[in-house]
Enquirer: 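Quick one: the structure is below, and I'll ask about it shortly.
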Amino acid sequence: MRFGFFLGCQIPFLKPEVEASIRKVMSVLGVELLDLEGYSCCPTWMSVPSLDLNAWLAISARNLAIAENLGVDVVTGCSNCFSVLNHAIYLLKDERRRFDVNRILSKFGKFYRGTSKVYHVLHVFSDFVDMRELKRKIKYPLKDLTVAIHPGCQLLWPTRVMDVREENPFYPEKLKNLVEILGAKAPYYSRLDYCCGAGTSVAYIDYEKSSYFVLTKLESMKEEIDPDIIVTPCSTCLIQLEEMQKRLKKDGKINFEIPVVYYTQLLAICMGIPANEVLKEESMKKILEVIR
């Protein structure tokens, strides 16, 4: 089983420990990740897509063409990249747009055919890996742990542009099932599908609005299921939920803090991969304390 690994920008620059966890668990499960040499930014929603449709599609198509030349589908750990690239694929089904984009790409020796699909790492586990095999790799199950899952918006909507989707995005099952296979409980709470508030550039330009989303979500979790930990498959949500909790606590708006972890980091620990290889020291202490 082989995929072209699209790292994007955020994970290697801000969360390299997440990249390490993805590579390590994929290796244990026999999934080969081929690096997409020469890839660029996806490009993210708050940049080129906001300014120039053809430029965005050309950049995304160029990234996809790299995977096409290797004869593989794409997998990414970044939900933003997953969303952007799937939107590009959807729009490039239009023959006129595809022609215009390939005219641009021809200047760089590239050609977009539309043969590679884009998956999130979560989909590799849920849709390609045998669940029995995944369960056999678990050395340290998470008994008696209550997890608040946070899928994030960009894995759920809009479903029409995605080749891989939840049966019901308002009651997503993929992350829940993957958490429960680790032995933990992942009960439903009313703000499960609620945005983390980092959307586009809200987190950078309006703290009050952005923090409102996090506060609402945290209060729902705390009151309804009182989780030990939050698990997300989105690096943007991971950063937002980590950093905003600190600010909310400092501002006196909450008197608790729930550790946040990316799914493959938790999976790696359950597989017996040393925690210091997939977690930063600061978060490692909090997360291992909760698990113990």
Side-chain angles (χ1 to χ4, degrees), residues 11 14-22 24-25 28 77 79 121-122 125 134-135 137-152 172 174-192 194 196-198 211 213-250 252-292:
I11 288 178
L14 299 179
K15 288 292 178 182
E17 65 275 20
V18 169
E19 176 188 347
S21 71
I22 293 171
K24 288 176 184 295
V25 299
V28 171
S79 297
V121 293
L122 210 66
F125 303 132
L134 180 57
K135 197 166 187 177
K137 299 295 185 183
I138 304 304
K139 294 181 179 179
Y140 305 109
L142 302 174
K143 297 177 181 177
D144 303 320
L145 200 73
T146 300
V147 171
I149 61 168
H150 173 70
K174 292 182 186 294
L175 181 58
K176 173 182 170 65
N177 293 339
L178 288 168
V179 164
E180 289 179 342
I181 209 165
L182 304 180
K185 294 178 290 184
Y188 177 81
Y189 60 98
S190 61
R191 299 289 182 172
L192 189 149
Y194 206 60
C196 72
S211 65
F213 281 92
V214 178
L215 179 60
T216 303
K217 190 168 188 81
L218 289 173
E219 288 176 340
S220 171
M221 290 176 182
K222 190 69 176 173
E223 292 172 11
E224 296 169 39
I225 64 173
D226 193 19
D228 300 298
I229 197 168
I230 301 169
V231 175
T232 182
C234 176
S235 54
T236 300
C237 295
L238 174 66
I239 293 168
Q240 171 78 343
L241 291 171
E242 281 179 335
E243 297 304 316
M244 200 61 80
Q245 281 194 80
K246 294 174 187 174
R247 293 186 67 175
L248 288 169
K249 194 171 183 181
K250 184 179 178 181
K253 294 183 179 180
I254 57 172
N255 60 1
F256 60 87
E257 213 172 317
I258 309 170
V260 191
V261 67
Y262 190 92
Y263 177 74
T264 53
Q265 292 177 302
L266 192 60
L267 175 59
I269 293 169
C270 292
M271 286 179 166
I273 295 168
N276 63 356
E277 295 181 10
V278 296
L279 290 167
K280 281 188 176 176
E281 187 175 352
E282 180 187 359
S283 56
M284 181 172 68
K285 291 177 181 177
K286 297 176 185 176
I287 290 162
L288 290 183
E289 184 179 341
V290 166
I291 292 173
R292 288 182 182 131

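Quick caveat: nothing in here was measured; it's all calculated off a predicted structure. Residue numbers run from 1 in the order of the sequence given.
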Enquirer: Looking at every heavy atom in both Asp228 and Asp144, which two are closest together, and how far apart are they?
Expert: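 Nearest pair, atom of Asp228 first, then Asp144: OD2-O, 3.9 Å.
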
Enquirer: Work out which heavy atom in Thr146 is nearest to a heavy atom in Ile225; give both atom names and the distance.
Expert: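 The pair with the smallest heavy-atom distance is CG2-O, 3.8 Å.
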
Enquirer: How close do Lys176 and Ala186 get, counting heavy atoms only, and between which atoms?
Expert: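 Where Lys176 meets Ala186 most closely, the heavy atoms are NZ-O, 3.0 Å.
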
Enquirer: Which pair of heavy atoms, one from Thr232 and one from Cys234, lies closest together, and at what distance?
Expert: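 Smallest heavy-atom distance, with atoms named: OG1-N, 3.2 Å.
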
Enquirer: Considering only NZ, NE, NH1 and NH2 on the basic side and carboxylate oxygens on the acidic side, decide whether Glu282 and Lys246 come within less than 4.0 Å.
Expert: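 Salt bridge: yes.
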
Enquirer: Report, one line per pair, each donor and acceptor closer than 3.5 Å where one atom sits in a side chain of residues 257-271; sequence neighbours left out.
Expert:
residue	atom	partner	partner atom	Å
Glu257	OE2	Lys286	NZ	3.4
Tyr262	OH	Gly77	O	2.6
Tyr262	OH	Pro233	O	3.2
Tyr263	OH	Leu178	O	2.8
Thr264	OG1	Ser21	OG	2.7
Gln265	OE1	Tyr262	N	3.0
Gln265	NE2	Val278	O	2.8

Enquirer: Has Tyr140 got more than 12 heavy atoms of other residues, nucleotides or ligands less than 6.0 Å from its OH?
Expert: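 Not more than 12 within 6.0 Å, no.
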
Enquirer: Side chain to side chain contact (heavy atoms under 4.5 Å, CB included), that's the test. Do Val147 and Lys185 meet it? Break it down for me.
Expert: CA-CA 6 Å; Val147 171; Lys185 294 178 290 184; over 6 Å; no

Enquirer: Taking all heavy atoms of Ser190 and all of Ser220, pick out the closest pair and write down the distance.
Expert: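 For Ser190 versus Ser220, the nearest heavy atoms are OG-OG, 3.4 Å.
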
Enquirer: Looking at Glu281 and Lys285, does any basic side-chain N land under 4.0 Å from a carboxylate oxygen?
Expert: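 Salt bridge flag = yes for Lys285 with Glu281.
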
Enquirer: Quick one: does Gln240's side chain have a donor or acceptor within less than 3.5 Å of a partner on Cys196's backbone?
Expert: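 Indeed, once roles are kept as given, a pair shorter than 3.5 Å links the two residues.
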
Enquirer: Going through the checks in order, is the salt bridge (Lys or Arg N to Asp or Glu O under 4.0 Å) test met by Lys280 and Glu242?
Expert: CA-CA 13 Å; Lys280 281 188 176 176; Glu242 281 179 335; over 6 Å; no

Enquirer: Please say which of Lys217, Glu224, His150 ends up in a side chain to side chain donor-acceptor pair (under 3.5 Å) with Tyr189.
Expert: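 Looking at Lys217, Glu224, His150, the match for Tyr189 under the side chain to side chain donor-acceptor pair (under 3.5 Å) is Lys217.
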
Enquirer: Determine, step by step, whether Glu277 and Lys24 satisfy the salt bridge (Lys or Arg N to Asp or Glu O under 4.0 Å) criterion, reporting the C-alpha distance in whole Å, the side-chain angles of both residues, the deciding distance to 0.1 Å, and the verdict.
Expert: CA-CA 9 Å; Glu277 295 181 10; Lys24 288 176 184 295; 3.1 Å; yes

